[in-house]
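Single-structure report; data block below.
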Amino acid sequence: MSLPVRSVGPLRVSALGLGCMGMSYAYGATDRTEALGTLHRALDLGVTFLDTADIYGAGHNEELLAEVLADRRDEVVLATKFGILSGGDGYPVGVDGSPEYVRSACQASLRRLGVDVIDLYYLHRPDPSVPIEDTVGAMAELVAAGHVRHLGLSEASATTVRRAAAVHPIAAVQSEWSVFSRDVEAEVVPTCRELGIGVVPYSPLGRGLLTGALTDPGRLDADDFRRTLPRFADDALARNLELVAVVREIATVHDATPGQVALAWLLAQGQDVVPIPGTKRVRYLEENVGALGVTLSADDRARLDALLPEGDRYPDMTWVERNTPAPAR
């Protein structure tokens with residue numbers, strides 16, 4: 001089976017990708033059998049763009065993908081990320097963009113994934129203590145050595161994107177972008193379009209809020225990291241669920257689900273936009289792929305544009321790089 005394709009820089013990928021984080025990390029209990037079934041079903045459906053990172057389950061997620069890549073590598077545009085350091089509990093404790101770490105992290109990912117080359121290698125978060133030119137310069141060496149095909153950045157400011165692209169072509173910038181997370185539209189997305197860089201939205205379903213399935217934060221597993229997010233606090237969640245009702249109304253008109261409407265809204269933002277909704281279950285994967293058949297009207301999009309959620313997307317928004325002047329070198 002094949003799906004519509006889009007360009008992420010020079011890469012041609014399915015119009016929807018698959019974020020694999022939740023199969024190993026952050027969203028409560030994991031199920032290896034279900035995760036592997038979801039990965040294989042994604043490829044069967046024509047989803048070619050798989051996204052992981054070395055921090056997801058302290059490497060477990062990359063090892064999980066290796067089981068699928070062993071037989072189906074030629075069906076996958078493989079993206080992984082590096083640069084976030086984890087503590088004993090597996091959650092972030094800092095970042096490292098030093099050239100030495102770039103090289104060691106890549107070798108570790110190649111080993112866990114069981115591949116010779118990574119199609120798209122992202123810096124997961126810019127390191128404020130290391131000039132982006134130094135980090136991307138080391139990443140460019142990986143391209144020259146044949147370990148990596150294309151480079152990407154995650155949650156980088158427009159300023160950083162420009163500085164990085166001056167060192168080596170950047171294929172993609174990954175950021176949180178959804179009906180409920182719009183900050184990248186001000187500077188990052190226009191900069192990417194100016195430079196011919198693809199935009200890869202993660203958490204396009206608002207970390208589950210926009211699916212309409214979540215009504216009670218008490219239903220989240222104790223180790224589900226969404227419990228730490230401002231939008232999932234009791235008062236904010238009540239307000240945000242009122243907004244989700246609008247998404248549900250639009251979905252009813254289109255005989256779709258709220259999640260499909262949220263994805264259709266993102267897909268309508270441009271042919272250079274390739275969302276990577278994350279799931280660890282086949283039924284949600286199939287629902288997400290169904291969004292490719294939903295076409296929203298201009299009025300639908302305007303109603304969704306007007307939704308303003310309560311609460312920031314992270315408890316500490318310094319985790320998302322803002323535009324800052326280039327440091328003296």
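Start at 1 with the first residue, then count along the sequence.
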Using a strict threshold of under 4.0 Å (side-chain N to carboxylate O), is an ion pair present between [Y] and [X]?
X: Arg41; Y: Glu286; answer: yes
X: Arg163; Y: Glu133; answer: yes
X: Asp44; Y: Arg72; answer: yes

Would you give the length of the straight line joining atom [atom1] of [X] to atom [atom2] of [Y], rounded to the nearest 0.5 angstrom?
X: Leu209; Y: Leu241; atom1: CG; atom2: CG; result: 6.5 Å
X: Leu65; Y: Ser109; atom1: CG; atom2: OG; result: 11.0 Å
X: Leu304; Y: Leu296; atom1: CG; atom2: CG; result: 6.5 Å
X: Ile276; Y: Cys20; atom1: CD1; atom2: SG; result: 8.5 Å
X: His124; Y: Ile55; atom1: NE2; atom2: CD1; result: 7.0 Å
X: Arg112; Y: Asp54; atom1: CZ; atom2: CG; result: 5.5 Å

Taking every non-hydrogen atom, the tightest pair across [X] and [Y]:
X: Ile170; Y: Gly152; result: CG2-CA, 4.1 Å
X: Val93; Y: Ser86; result: CG2-C, 3.7 Å
X: Arg125; Y: Ser154; result: NH1-OG, 3.5 Å
X: Ala256; Y: Val261; result: CB-CG2, 4.4 Å
X: Val184; Y: Ser175; result: CG1-CB, 3.5 Å
X: Leu11; Y: Asp119; result: CD1-O, 4.3 Å

Should [X] and [Y] count as side-chain neighbours, where that means a heavy-atom distance under 4.5 Å?
X: Thr279; Y: Pro277; result: no
X: Leu78; Y: Leu69; result: yes
X: Glu67; Y: Leu36; result: yes
X: Arg162; Y: Glu194; result: yes
X: Ile118; Y: Arg149; result: no
X: Asp134; Y: Val102; result: no
X: His150; Y: Pro10; result: yes
X: Phe82; Y: Val95; result: no

Got a sec, which residues hit side-chain hydrogen bond (donor to acceptor under 3.5 Å, both in side chains) with [X], two or more places apart in sequence or on another chain?
X: Asp127; result: Ser129
X: Thr38; result: none
X: Arg193; result: Asp272

Using the rule that two of Ile, Leu, Val, Met, Phe, Trp, Tyr join whenever any of their side-chain heavy atoms come within less than 4.5 Å, decide whether [X] and [Y] are in one cluster.
X: Phe49; Y: Tyr284; answer: no
X: Val117; Y: Leu151; answer: no
X: Val274; Y: Val5; answer: no
X: Leu123; Y: Val130; answer: no
X: Leu16; Y: Val282; answer: no

Original post:
Got a sec, which residues hit salt bridge (Lys or Arg N to Asp or Glu O under 4.0 Å) with Glu242, two or more places apart in sequence or on another chain?
Top reply: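 Glu242 satisfies salt bridge (Lys or Arg N to Asp or Glu O under 4.0 Å) with Arg239 only.
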Within the distance-only criterion (no hydrogens, no angle test), does the side chain of [X] pair as donor or acceptor with the backbone N or O of [Y] below 3.5 angstrom?
X: Thr48; Y: Ser14; answer: yes
X: Tyr121; Y: Cys106; answer: yes
X: Lys81; Y: Thr52; answer: yes
X: Ser203; Y: Gly206; answer: no
X: Thr160; Y: Ala156; answer: no
X: Thr211; Y: Gly208; answer: yes
X: Arg73; Y: Val76; answer: yes

Original post:
Run the side-chain hydrogen bond (donor to acceptor under 3.5 Å, both in side chains) check on His254 and Asp300 step by step: do they pass?
Top reply: CA-CA 10 Å; His254 290 275; Asp300 293 331; 2.7 Å; yes
Show me the donor-acceptor pairs, under 3.5 Å and distance only, between side chains in residues 135-142 and residues at least two apart or in other chains.
residue, atom, partner, partner atom, Å
Thr135, OG1, Gly97, O, 2.6
Glu141, OE1, Arg103, NH1, 3.3

Original post:
Under 3.5 Å, is there a donor-acceptor pair linking the side chains of Thr257 and Glu287?
Top reply: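 Glu287 and Thr257 do have a side-chain donor-acceptor pair below 3.5 Å.
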Original post:
Is it the case that Tyr122 and Glu155 place a side-chain donor and acceptor less than 3.5 Å from each other?
Top reply: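 No, because no side-chain N or O of Tyr122 sits under 3.5 Å from a partner of the opposite role on Glu155.
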Show me the donor-acceptor pairs, under 3.5 Å and distance only, between side chains in residues 262-270 and residues at least two apart or in other chains.
residue, atom, partner, partner atom, Å
Trp265, NE1, Asp305, OD1, 2.8
Gln269, NE2, Trp265, O, 2.8

Original post:
With respect to Val77, which candidate in Val8, Asp51, Val13 satisfies the side chain to side chain contact (heavy atoms under 4.5 Å, CB included) definition?
Top reply: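 Only one option passes, and that is Val13.
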